[in-house]
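The next block holds one structure in the form of structure tokens; read it before the comments.
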Amino acid sequence: MRNNITALVLGALLTLSLEAATKKAINPPEFAPAPGAPAPMFSPGILMGDTLYVAGQIGQDLKTKDVPADFETEVKTCLANIGIILKAAGMSYDNVVSVQVYLTDMDLFPRMNTVYATVFNAPRPSRTTVGVTKLANAKAHLEVTVTARK
């Protein structure tokens with residue numbers, strides 16, 4: 001009897017561990033490709049247990065794919081796109097624990113930081129900001145990726 005209970009408990013724990021470790025793609029409908037367009041080669045987010053890994057996002061309009069000419073609008077759009085992914089995973093900006101920002105011009109840092117501070121509340125997530133020569137979309141000035149935890 002004792003061995004049966006032990007086996008049941010171990011089986012239940014193994015099942016819970018496997019469920020928590022299951023990789024789930026987070027694909028909000030707003031990120032769906034236009035009809036006839038090729039599917040992206042990545043998921044906007046991956047939920048693994050209680051941790052969400054958000055793919056790098058740029059500030060492009062999800063419908064038109066245009067990057068705004070105004071940098072502050074680009075940053076707001078980028079962070080809003082991240083918010084859509086967070087919401088689809090049942091999270092919010094308050095769940096974000098780490099942020100990585102890639103800027104094509106480090107002189108834009110203060111302007112990015114001003115917008116950033118309106119989205120992330122204290123205690124703000126850890127953050128790394130790196131200057132890069134260019135991004136995959138030549139019109140983009142920044143790319144942001146985040147990690148969030150429930």
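Side chain of Asn81 to backbone of Gln60: a donor-acceptor contact under 3.5 angstrom is found.
Side-chain contact between Thr77 and Pro68 is present, with at least one heavy-atom pair separated by less than 4.5 Å. Side chains of Val115 and Phe71 form no contact here, defined as non-hydrogen atoms less than 4.5 Å apart. The closest side-chain heavy-atom distance from Asn121 to Asp94 is below 4.5 Å.
The hydrophobic cluster containing Tyr53 does not contain Leu47, counting ILVMFWY residues as joined when their side-chain heavy atoms lie under 4.5 angstrom apart, directly or transitively. Linking Ile, Leu, Val, Met, Phe, Trp and Tyr whenever their side-chain heavy atoms come within less than 4.5 Å leaves Leu142 and Val130 in two separate clusters. Side-chain heavy atoms closer than 4.5 Å link hydrophobic residues (I, L, V, M, F, W, Y) into clusters, and following such links, even through other members, never connects Ile82 to Val67. Hydrophobic clustering, with ILVMFWY side chains joined whenever heavy atoms are under 4.5 angstrom apart, groups Leu79 together with Ile84. Hydrophobic cluster membership differs between Ile58 and Val75, with clusters built from Ile, Leu, Val, Met, Phe, Trp and Tyr side chains linked at under 4.5 angstrom.
Remark: Asn113 engages Arg127 in a side-chain hydrogen bond (donor to acceptor under 3.5 Å, both in side chains) (not counting sequence neighbours). For the side chain to side chain contact (heavy atoms under 4.5 Å, CB included) test, no residue two or more places apart in sequence or in another chain qualifies with Lys87. Every residue two or more places apart in sequence or in another chain was checked for a side-chain hydrogen bond (donor to acceptor under 3.5 Å, both in side chains) with Thr114, and none qualifies. Qualifying side-chain hydrogen bond (donor to acceptor under 3.5 Å, both in side chains) partners for Arg149, counting only residues two or more places apart in sequence or in other chains: Thr51. Residues forming a side chain to side chain contact (heavy atoms under 4.5 Å, CB included) with Pro38 (at least two apart in sequence, or on another chain): none. Here Glu30 pairs with nothing under the salt bridge (Lys or Arg N to Asp or Glu O under 4.0 Å) rule; sequence neighbours left out. Legend: residues meeting ring pair (Phe, Tyr, Trp, His ring centres under 6.0 Å) with Tyr93, ordered by chain and number and at least two apart, are Phe120. Checked against side chain to side chain contact (heavy atoms under 4.5 Å, CB included), Ala25 has the following partners two or more places apart in sequence or in another chain: Asn27, Ser43, Ile46.
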Show your working on side chain to side chain contact (heavy atoms under 4.5 Å, CB included) between Val144 and Cys78 and close with a plain yes or no. CA-CA 7 Å; Val144 178; Cys78 177; 3.7 Å; yes
Do Leu52 and Asn95 pass the side chain to side chain contact (heavy atoms under 4.5 Å, CB included) test, and can you show the C-alpha distance, the side-chain angles, and the key distance before you say yes or no? CA-CA 9 Å; Leu52 176 67; Asn95 294 104; over 6 Å; no
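More than 12 heavy-atom neighbours from other residues, nucleotides or ligands sit within 6.0 angstrom of NZ on Lys65. More than 12 heavy-atom neighbours from other residues, nucleotides or ligands sit within 6.0 angstrom of NZ on Lys150.
Using a 4.5 Å cut-off between side-chain heavy atoms of Ile, Leu, Val, Met, Phe, Trp and Tyr, Val97 forms no hydrophobic cluster with any other residue.
Here the shortest heavy-atom pairing between Ile26 and Ala88 reads CG2-CB, 3.7 Å.
Within the structure, the salt bridge (charged side-chain N to carboxylate O under 4.0 Å, His left out) test picks out the following pairs touching residues 66-81 (sequence neighbours left out): Glu72-Arg111. Sorted by first then second residue, the ring-ring contact (aromatic ring centres under 6.0 Å, His included) pairs that include residues 23-47, not counting sequence neighbours, number zero.
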Please tabulate, one pair per line, all N/O donor-acceptor pairs under 3.5 Å involving side-chain atoms of residues 100-110, not counting sequence neighbours.
| residue | atom | partner | partner atom | Å |
| --- | --- | --- | --- | --- |
| Gln100 | NE2 | Ser98 | OG | 2.8 |
| Thr104 | OG1 | His141 | O | 3.4 |
| Asp105 | OD1 | Asp107 | N | 2.9 |

